[in-house]
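Some notes on the structure that comes next.
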Amino acid sequence: MIYLDYASATPVSEKAIKAMWPYFNEDFFNPSAPYLAAKHVREDYEAAKAELAHIIGAKGDDLVITAGATEANNLAFSALDVIKTEHKNSQALVLETEHASVLELGKKYQAGLIKVDHTGLIDLVDLKRKLTGNTAFVSVALANNEIGTIQPLAEIAEIIRKERETRLITGNPIPLIFHSDASQALSLIPISVARLGVDLMTLNSAKVYGPKGVGALYQGHQVRLQPISAGGGQEKGLRSGTENVPGLIGFAAAAIEAKAHQNGARKRYESMAKILKAELEKSPVAPAFLGNKKHQLANFCPVSFPGIDAERIIYLLEEEEIYLSTGAACAASKGVKSHVLKAIGLNDAEIAGSLRISLGLQNTAEDMAVAGQRIVAAISKELARY
Ligand code: PLP
């Protein structure tokens, strides 16, 4: 098998599995229980939270552990509900290329959409134009999940800081919160919430070689949130329900491991992507590599072969146990055209011919050569059929 869809899911690392294992049986106790054995589990849970938080330059208390990034994004938007109780006309802005979970929340809150350029990079002029005195919430993912474009969060934060300053001077009491979904970026680039200037940040275990269904929301001290579930008051009362102890332990172990190998992995991805691209250049239909060459996650290699039916290519490759996708797994499974590729200005033929290739730790240089050759062979086969 050659797996090239790490943006959709990563295998759980051996270290993470090992770290999780005791918490399924020996140390299965509810961390809220009163006896000593359970208290030890509580300590381990809090220690894992602190370690995870440390990776983004935060404290354990700043994190709310959730059942995945979708839930963390939903919790993040509750900041807007809180603001709306005092300032009814508060509005949100989201980047037009956000993951479905943020985009759907944007729709729910009738958010304005911030434009991107043809590489997927945020249009800062559009942001400034749309940022009004009523804007209370801005959500921009650190890296896009279809084309890997990395956004200049610190620059966005600076625009937001200036707007806050103006509000202070003019006596506008509406707070302005900056949220970023860093699901795809955590294992690939160094992250510091302070340096990036974000108030809320979503993290995702499933993309960093941790277990699925576990995520976290970083909550800056100045941000107030509303509970997304009522119950026993776990996670600062914001996400009630018995803690997923093995989930968080696995998430933290995987994230620490990914962070330790970040630089080496990035270099490997860069050299592997070169091999893959060189093979794809041999295609009878010229490839158009998508995204931003300078600001792109190193493991992303999104490409379009205009006029080719990428879905058929995927099925042909599946027969050879090569797995890749056409876009975000959720959109692709519904047969919906990618809103990201539309936003960067691709036409229908370019969108239909697009493959999302994302590399990961198990890939080798040889995989790249083989996969590249097989993709080109599948394209040639398709051309012959036309
Ligand atoms: N945000 C981004 C950027 C993602 O890539 C994903 C996963 O595909 C999610 C959110 C949703 O994550 P989950 O399905 O774990 O809730």
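Source: prediction; values computed, not measured. In each ligand, atom 1 is the first atom listed, and ligand 1 is the first ligand listed.
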Query raised in the report: Just which atoms of ligand 1 are under 4.0 Å from any heavy atom in S183?
Result: 1 (N), 2 (C), 3 (C), 4 (C), 10 (C)
Requested in this report: Select the closest option to atom 1 (N) of ligand 1 among L142, T97, D181, T202, judged by heavy-atom distance.
Outcome: D181
**Report entry** Sidechain N-carboxylate O distance under 4.0 Å for R164, D199
**Finding:** yes
**Report entry** A7-ligand 1 polar pair, N/O distance under 3.5 Å
**Finding:** no
Report task. Mark up the atoms of ligand 1 that fall under 4.0 Å of a heavy atom belonging to Q184, in ascending order. Result -> 5 (O)
Requested in this report: Indicate yes or no: does E104 engage K107 in a salt bridge with an N to O separation below 4.0 Å.
Outcome: yes
Report task. Before accepting this row, confirm whether a basic side-chain N of the pair R161/E158 lies closer than 4.0 Å to the acidic partner's carboxylate O. Result -> yes
**Report entry** N/O separation below 3.5 Å, K207 to ligand 1
**Finding:** yes
Query - With R312, the salt bridge (charged side-chain N to carboxylate O under 4.0 Å, His left out) member among E382, E319, E318 - result: E382
Query raised in the report: So is there a nitrogen or oxygen of E71 less than 3.5 Å from a nitrogen or oxygen in ligand 1?
Result: no
**Report entry** Basic-acidic side-chain contact under 4.0 Å: R42, E46
**Finding:** yes
Report summary line: In terms of its nearest heavy atom to atom 4 (C) of ligand 1, the top option of E146, K212, H99, E98 is H99
Query raised in the report: Which one holds for A206 and ligand 1: side chain close, backbone close, both close, or neither close, with close meaning a heavy atom under 4.0 Å?
Result: neither
**Report entry** Aromatic plane relationship, F137 with F77 - under 30° parallel, 30 to 60° tilted, over 60° perpendicular
**Finding:** tilted
